[in-house]
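Report on the structure given below.
Here is the naming used below: chain letters follow the sequence lines, and residue numbers restart at 1 for every chain.
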Amino acid sequence: VRALSAPSFAFDGVVRLTRVGVGYLAFTLVIGFAALNTGNNSLYIGLAFMLGGLIASGVASRNGLRDFRLALEVPGEVWAGMPAEARLEMKSGSPFWSVRDIVVVSDLLPQPLLVPRIDRKQTLVVELPLVFPRRGPASVQSIDLYTRYPFGLLLKKKRVKLGGSVIVYPRLLDQTLERRLTGSRSVDLLPRRRPGSGSDIHGFREYVTGDSLRHVHWKKSAGLGRWIMKQHEEETAPSVIVAIDPVRPASASEEAFEEMISSAATLLKEAIDDDLDVALILPATRIRGRGMKVRRAIFEALASIEAERWGDFPLVPRGAVLFSLRSGHESKSA
Amino acid sequence: MNRRARDLQAIGLTAFAAVPLYLTQAVAPLIVGAFHLTLALVAFAVLSGRGAGSLASIGRVVAIGYLPLFAVDALWISSSLIKASVHLLFFVAIYQILDPEARAATRQRLLVTFLIFTTSIATATHLSILLFILLFSIAAFAELMRLSSEESAVSVGRPEAAPGVLRSALLFAIPTILVAAMLFPMLPRRENPFVRGVVRGLQATTGISDSINFNEDRRISSDPSAIARVWLPQEAVPFFTPLRLRAAVYDEWEDGEWVTGLEKAVARVAIYESQLATARSEGFSFPARVEQKAMPRGRMLLPDGTWAIRAIDEVNFREPYGLAAAASESGQLNFEVSISRQTSPLLARPVAPPRYPVPFEIESMARQIVGAENDPIGQARRIEAHLRTTFTYLGDPSELGRPVPVDEFLLATRRGHCEYFAAGMVVLLAALDVPARIVGGYYGGELNPLIGSFVLRARDAHAWVEVWDGSKWVTHDPTPPALRPGISARGLMRAYLDAVRDSATYFWDRYILTFGRNDQVELLMRAFIGARESWTSMRGRLAEAGAVAKRRGPAAILMVSIAASIALAVWMLRRRRTSWERLLRLLDERGIASSQSTAPRELLEDVRATRPDLVPLVEPIVEAYVRERFAAKPPGEDLREAARAALRQLQST
């Protein structure tokens, strides 16, 4: 997941006068009229103070936000529909203004976030629980900062444009739904012991022509009076093989396709978390491995997979879990 | 900040907004006191944790109950719409404080507090109002900031706002004051009000009356309010101090009191940009400037020895008995005069002694004092010396215990204040058929060395005598000099502090309180003249420089051309650092050293190990560099741009 950062500011300005601001302005006008009418310099002093407060307020809120630098970083995995642990670094470059009551607003934030205070020249990191609605490449185009600071007369806004992008992994299903779709825990369907080229003995068998003498179990052969061949066990952990058929028939909805991807992702995540070997088979890609090595590759592949209108039915190896929306193949084990 | 502290702060701000009303008395102090007492009780209730909610209904009933009485109050009780409005504001403010729900409605509460604040400052003329405005601004800013924080917190669903706004409010007061100070002289001023009848001039107490009646109680004012300031040229000070400002002349005895005669002989004289002669000057003459803050009985205060007036629009001419002029809107009168040690009337005319019924005993007394002296001025000097040495001055007229006529003063009590001394001398001279008159005005004054003016105060009111010598009036003062008002001995520190205080008051009066459209025009003119002079000066220097260049033209042009060429060549031939070199320098500044043998990827690994936060910035630069230097295909424009952006960001990090 890449960090997002770029201090590019697109829009500044007064959003609106607040109710307090309207009252303040009206009151200033009243004092102004009274001062003008009476020529009373005490009232002129009051008027000058009111206008001074208004100007100081405008300058403070504008300059306080103007020198802001933002950097958004999403250090962990980002799953669709789940709060991402994003970190927003807010740096005030202003040598004068400390800003209070900054409200951070984004489409990806479930609710606005209040930053109570940032002192001048201070850098503050706040946790930003961004929620991306869909899997796939995504970007936080901008973040809006609002403030009523200092006197609440004006509600000012600064839109901070951000560059970069993140890959949003598919939405994860809860266990119940995942099991309903796959029938049972997928790893239970797979054989755990297989003959292979490991060092442990998996079993014994009769000699057949062509067998290498290296595999003769001499003790048993001597005991039984015939050639007994030992069979070694494959040195691999139990694995989960997931095959995805990206074809979405016209009868299947987009939601069904996304749910299928989510189901596959949930199964794979569970397997990877259990430290099992996993394999993902896509029409153009095969990813196989274990642990963190393949985690990123698998979920990025799942994040970027797109529905196709047609295509060949994938060759599914024995023991693999096939996810397909074609008739009769919905989420079943081959 | 908890609820109780917030409530106390709100009560405190509302109470503070009304404090100046005690001084300005725009509302009866008793009412302001009752208002503050009520707020204090509510504050006590809040402080003790009992709350004031139970009293809210009473407050509501009283506030609503006053509404129909508002018109009655405005028309008959206080007879003032403004006073009645302030009363209404007090009721509303008390209700808002009493009712917890209304108390929580900060916006409405602040509005009422601001309105009370406005009435407080609108009626204030004293310098201390500045301090009040400053303190109120800080408190109001703190309240506004707290409200702002609360609204921000509510907008994101948080119950509590960030604490600690007082320090921020204090900091905001400084730029606000600076901006206000710049704005104040620029705010537009109109000559005539939109709505007439609201303007009220300055008020000050004076010791000047229309007549002197010794059958009435007399009081000496202790009011320190400045009546006038007089600027004298340095060289004139020895000849014209202690200063005497003439306000009124009492030259006739009528119905038992001394009055100003010849009132019907007032001539109205208008002058424009020329000076009005009031007397003939004899001997050397000096200019003097007078800023008259108060108009005692509408009279101008003229320094003794004034023979001409200028720089004033319109004067009602009453010479030799007094001059009256219309004060400006601010109540102040500024004018310049010419003063001379000796003056004589413009028109020679016979002057008769006052028609005072002199008793035989006083006539005998007068003749006894003057002895064989025949000259009127010589007689006046003897009487003056007699009164100074054998009579007792009383600073407080109430010590007499009862009204004492002048005859009794001269014959029996021999004690009194300056008016007794002056009237006694006039009576004694009248007994000798010497024309004399009492002059009322101000005497002495304090020199303020910081602004170079003499300030005369209401408490410096004094009376003295003018004696007709046959051709002119000569000033005499029978009051013992050391006991006259306006004469006080002060220590150096006290004098210095008084001067500082008076200067502050002067600047407040002159440049704040009475600042008007004419001052704005003057300010503008000064700025314009200053700019024009600067431009003229700069143009002159440029012309001078041009002339020098013309004289040394070819050589100068050659030198400048050579210098410019060298600078251009150096700039063009300078070796520009590559992005990679800039990256190495930036990393070096951040503690990541590298050498010529450091491979790009190796450098990236170093960054990853020591400053992982910089990896996102360094990575695209390294990638672009590697592709540029070692790959078959150069990096694309996207990668180049990303590297440039990363480098810029690294520089600013």
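- Sparse packing is recorded around CG of B/D638, with 12 or fewer heavy atoms of other residues, nucleotides or ligands lying under 6.0 Å away.
- No more than 12 heavy atoms of other residues, nucleotides or ligands sit less than 6.0 Å from atom CD of A/E85.
- Taken to the nearest 0.5 Å, the CZ atom of A/R100 stands 4.5 Å off from the OG atom of B/S149.
- Heavy-atom contacts from other residues, nucleotides or ligands closer than 6.0 Å to CD of A/E306 number 12 or fewer.
- B/S148 is not listed as a side-chain neighbour of A/V20, based on a closest heavy-atom distance of 4.5 Å or more.
- Against chain B, the residues from residues 43-54 of chain A that qualify, each with a non-hydrogen atom under 4.5 angstrom away, are A/L43, A/Y44, A/I45, A/G46, A/L47, A/A48, A/F49, A/M50, A/L51, A/G52, A/G53 in number order.
- In plain terms, the two heavy atoms of B/A153 and A/L114 that are nearest each other are CA-CD2, 3.9 Å.
- For A/F27, the ring-ring contact (aromatic ring centres under 6.0 Å, His included) partners at least two apart in sequence or on another chain are B/F114.
- Counting only heavy atoms from C-beta outward, the side chains of B/L183 and A/I55 approach each other to under 4.5 Å.
- Note: B/P188 leads B/A173, B/P188, B/A181, B/P175 in heavy-atom pairs under 4.5 Å with chain A.
- Across B/V615, B/L115, B/L110, the residue that shares the most heavy-atom pairs under 4.5 angstrom with chain A is B/L115.
- Contacts of B/A645 with chain A are absent, with no heavy-atom separation under 4.5 Å from either backbone or side chain.
- The candidate from B/L111, B/V179, B/T176 with the greatest count of non-hydrogen atom pairs under 4.5 Å with chain A is B/T176.
- Proximity of a side-chain donor or acceptor of A/D101 to a complementary backbone N or O of B/S152 within less than 3.5 Å is not detected.
- Using a 4.5 Å cut-off between heavy atoms, B/I121 contacts chain A through both its backbone and its side chain.
- Interface check for chain A: of the options B/A122, B/A142, B/S137, B/A169, the most heavy-atom pairs under 4.5 Å are formed by B/A122.
- Enclosure of atom CG in B/D613 by more than 12 non-hydrogen atoms of other residues, nucleotides or ligands within 6.0 angstrom is indicated.
- For B/L130, the part sitting under 4.5 Å from any heavy atom of chain A is the side chain, from C-beta outward, and nothing else.
- For the atom pair CZ (A/R148) and CG (B/L144), the distance works out to 13.0 Å, reported to the nearest 0.5 Å.
- In this structure, chain B has no heavy atom under 4.5 Å from any part of A/Y146.
- Within the model, atoms CZ of B/F132 and OG of A/S42 stand 11.0 Å from one another, a figure rounded to the nearest 0.5 Å.
- Counting heavy-atom pairs under 4.5 Å between each of A/I102, A/N41, A/L113 and chain B puts A/N41 at the top.
- Distance check, rounded to the nearest 0.5 Å: OG of A/S57 to CE of B/M145 gives 9.5 Å.
- A/S304 meets the side-chain contact (heavy atoms from CB on, under 4.5 Å) test with no other residue; sequence neighbours excluded.
- Contacts of A/R120 classified as salt bridge (charged side-chain N to carboxylate O under 4.0 Å, His left out), with partners at least two apart in sequence or in another chain: none.
- Taking CZ from A/R19 and CZ from B/R107, the interatomic distance works out to 4.0 Å, rounded to the nearest 0.5 Å.
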